[in-house]
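Residues take their numbers from the sequence shown, with the count starting at 1. All ligand and atom numbering here is 1-based and tracks the order in the structure.
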Amino acid sequence: MDYLRTRHFRRSFATGAVFILLALLLWGLWQARAVTRSERGHDVQQMQAQAALLARAAQLPLRNDNRELLQQLADIVSIQTGLRVTLIGADGRVRYDSMEDQEEMDNHLMRPEVQQSILRGAGDVERYSNTLDRTIVYHAVPVRDAGEFVGVVRIGRAREDLDALLQLRYREILRNSLIAAVLLLAVAFVVAARHAAALQALIQASEAMARGEAERRVPRLHHPDYEPLGAAINQMARSMATEQYSRAGDRKRLAAIFAGLVEGVIDVDPQQQVLHLNDAAAHLLDLPREQALGKPLWELLRHQGLVSALDEALRERAVVKAQLRLGGPPGGTLVELHVAPLASDQGEPLGAILVLHDVTGIRQLERVRTDFVANASHELKTPITAIRGLAETAVDDGNIDITTLRRFMGRIHEQSLRLSQLVADLMTLSRLEGEQGSENFCDLDLGELAMLAVNSARMAAEAKGLELVHAQAGERLRVSGDREQLSQLLDNLLDNAIKYTPEGGRVELRLASEGGEALLEVEDNGIGIAPQDQERIFERFYRVDKVRSRSLGGSGLGLSIVRNVASRHGGAVSVRSQPGHGSLFRVRLPLTSAG
Ligand code: ADP
């Protein structure tokens, strides 16, 4: 019911009420006028009729001065109608008066109504009567008998009587007007209240919608004028909600895409203030995300390259690309920057999007690849050059003796063996790096593989006078793996240990299980490896002493094959060494089961 307090209700009801009251006032006044007229007219008519009647009846009694008859006639009329009847003789003396004693009355010949009636045939005068001490309305007619004037009949009515009657009628009109006013005002109240209620419901619902209450709807209005409006507003709200929902979805999707991007993305406005910054960008530029929002990029970053690339893109309105080296890990992060200016359909600048792509890894990989190709070519070139030189000398020298030729052939054989070893190692490595998955994996007994590797290394160890010890594990070590690859891992480790241990030394292969893993250790008391080299010996082609390695037939690929095999089997390799005292290589591989 609070709509009854609204301005709208007050105004429309007040307007209706003013109209109703004004109309009723006019109607009342008009009615009063009409009633006054008709009552007066009616009164005059009655007096005329009575006067005419009396004028005929009083002809003879007036002529004969028959007072008794005159009195009877006058009384009949007077009693019946309440009118004052005066019968006047031709000489002006009053013969009879229904209200006064005629004997005490003056001569009436000169009364205005009497004079008028004699002169014009009828006299109508309203005047104060001294006799009655009241205002009286008179109507007088002359009485003639056979053309002879015999007197005057005068009818009078007290003004007060007529006014009292009119007062009564006026009061009636007023009462009717008041009843009509009450009824009409009630109707106006109901109409205005219904309008106000519907309007109030419309306003409240629309305001709630505008505040963002998406679920709010206009209720049923029960008003034929407002109902279609309410339905239209509801329809509009529904379509807006649908649109809002899909827009929110778009925003969420976009935010998710931003967040999920590996590339750093920064969105700036034309003043270079950060509007959006994803995690990758925050990480690359080492910026606290929440603090960066709303601040200009040039204030947040000291990196000149980035700031000037953004300046240029905004100034030239063109895409700017640049390569930057940011701080961070040793050597820094290499970043490819892509700045794209944004503009509205009308060409107004909207800012720019900066995309930062970390290319450190890619560049490193590229460098490793080119290094690898250079290294491999170099490694291949050495034996090929040697073979070629030996063969050319043998061919060119016609006098070469058979002993020298044999020596040459022996060297050529040696180099070709090295070459094929190198190629075999390269192929193994490329297979290891290229192949993914564990298709050829089967259940293997690591103890058995170790036994085979030790046996095949025994000859080389004995040739160098080394003690080769094999310490078996107390249990069977079962691993899931590739037999050939794991054999190669064992061969390479034993081979190195034998190669880099001087004569009379000792090489030991130990197997054990530790915390669900197989622990494989190859230890020697050979030349050892300097700490700075320990990190790098697992790299391809890395050799601590090139000449020594080469002379021992090494390719520099053995340990990188070991590391690759270990990692493909879910394990890892590590080294502990002291120059001059020996080295310990330790490989951990996950066991399939404790048995
Ligand atoms: P290579 O074919 O030269 O042996 P590897 O990759 O197997 O190549 O080993 C890399 C380098 O690590 C070797 O050149 C050698 O200098 C060093 N190295 C490997 N194993 C041992 C070891 N047991 N003792 C001392 N040095 C070793």
Report task. Using distance alone, with no hydrogens and no angle criterion, decide if Asn564 and Gln485 have a side-chain donor and acceptor under 3.5 Å apart. Result -> no
Requested in this report: Below 4.0 angstrom from a heavy atom of Arg543, which ligand 1 atoms are there? Numbered from 1 as shown, please.
Outcome: 3 (O), 14 (O)
Query raised in the report: Short question: side chain of Gln323, backbone of Val335 - any donor-acceptor pair under 3.5 Å?
Result: no
Requested in this report: Indicate whether the side chain of Ser480 and that of Asp443 have a donor and an acceptor atom separated by less than 3.5 Å.
Outcome: no
**Report entry** Under 4.0 Å to a heavy atom of Asn496 - the qualifying atoms of ligand 1, by number
**Finding:** 4 (O), 5 (P), 7 (O), 9 (O), 19 (C), 20 (N), 23 (N)
Query raised in the report: Going by the order shown, which atoms of ligand 1 are within less than 4.0 Å of some heavy atom of Ala497?
Result: 23 (N)
Query raised in the report: How about Glu379 and Asn375: does a side-chain donor come under 3.5 Å of a side-chain acceptor?
Result: no
Query raised in the report: Does the gap between the ring centers of Phe541 and His378 come in under 6.0 Å?
Result: no
Query raised in the report: With only distance considered, is Leu559 within less than 3.5 Å of ligand 1 through an N or O on each side?
Result: yes
Report task. Please work out whether any backbone atom (N, CA, C, O) or any side-chain heavy atom from C-beta onward of Asp524 is under 4.0 Å from ligand 1, and answer side chain, backbone, both or neither. Result -> side chain
Query raised in the report: Quick one: does Phe585 get a heavy atom under 4.0 Å from ligand 1?
Result: yes
**Report entry** Element-labelled atoms of ligand 1 that are located less than 4.0 Å from some non-hydrogen atom of Tyr542
**Finding:** 10 (C), 11 (C)
Requested in this report: Hey, could you give me the CD/OH distance between Gln204 and Tyr3, rounded to the nearest 0.5 Å?
Outcome: 11.5 Å
Report task. Decide whether the shortest distance between a heavy atom of Lys499 and an atom of ligand 1 is less than 4.0 Å. Result -> yes
Query raised in the report: Can you list the ligand 1 atoms lying under 4.0 Å from a non-hydrogen atom of Val544?
Result: 14 (O), 16 (O)
Query raised in the report: With only distance considered, is Ser555 within less than 3.5 Å of ligand 1 through an N or O on each side?
Result: yes
Report task. Would you check the N or O atoms of Ile529, main chain and side chain alike, for any that come under 3.5 Å of an N or O of ligand 1? Result -> no
Query raised in the report: How about Asp401 and Thr404: does a side-chain donor come under 3.5 Å of a side-chain acceptor?
Result: yes
Requested in this report: Would you mind listing which atoms of ligand 1 come within a distance below 4.0 Å of any non-hydrogen atom of Gly558?
Outcome: 5 (P), 6 (O), 7 (O)
Query raised in the report: Are Glu539 and Ser560 linked by a side-chain donor-acceptor pair shorter than 3.5 Å?
Result: no
Query - contact_flag Asn492 ligand 1 heavy-atom lt 4.0 Å - result: no
Query - Cationic N near anionic O, under 4.0 Å, Arg315 to Glu312 - result: no
Query raised in the report: Between His569 (side chain) and Gly571 (backbone), is there a donor-acceptor pair under 3.5 Å?
Result: no
Query raised in the report: When you check the side-chain N and O atoms of Gln235 and Arg238, is any donor under 3.5 Å from an acceptor?
Result: yes
**Report entry** For Gly556, the ligand 1 atoms whose distance to one of its heavy atoms is below 4.0 Å
**Finding:** 1 (P), 2 (O), 3 (O), 6 (O), 8 (O)
Query raised in the report: Which atoms of ligand 1 have any heavy atom of Ser583 under 4.0 Å away?
Result: 22 (C), 24 (N), 25 (C)
Report task. Please indicate whether any nitrogen or oxygen in Ser560 is less than 3.5 Å from any nitrogen or oxygen in ligand 1. Result -> no
**Report entry** Minimum-distance protein heavy atom relative to atom 12 (O) of ligand 1
**Finding:** Ile537 CG2, 3.2 Å
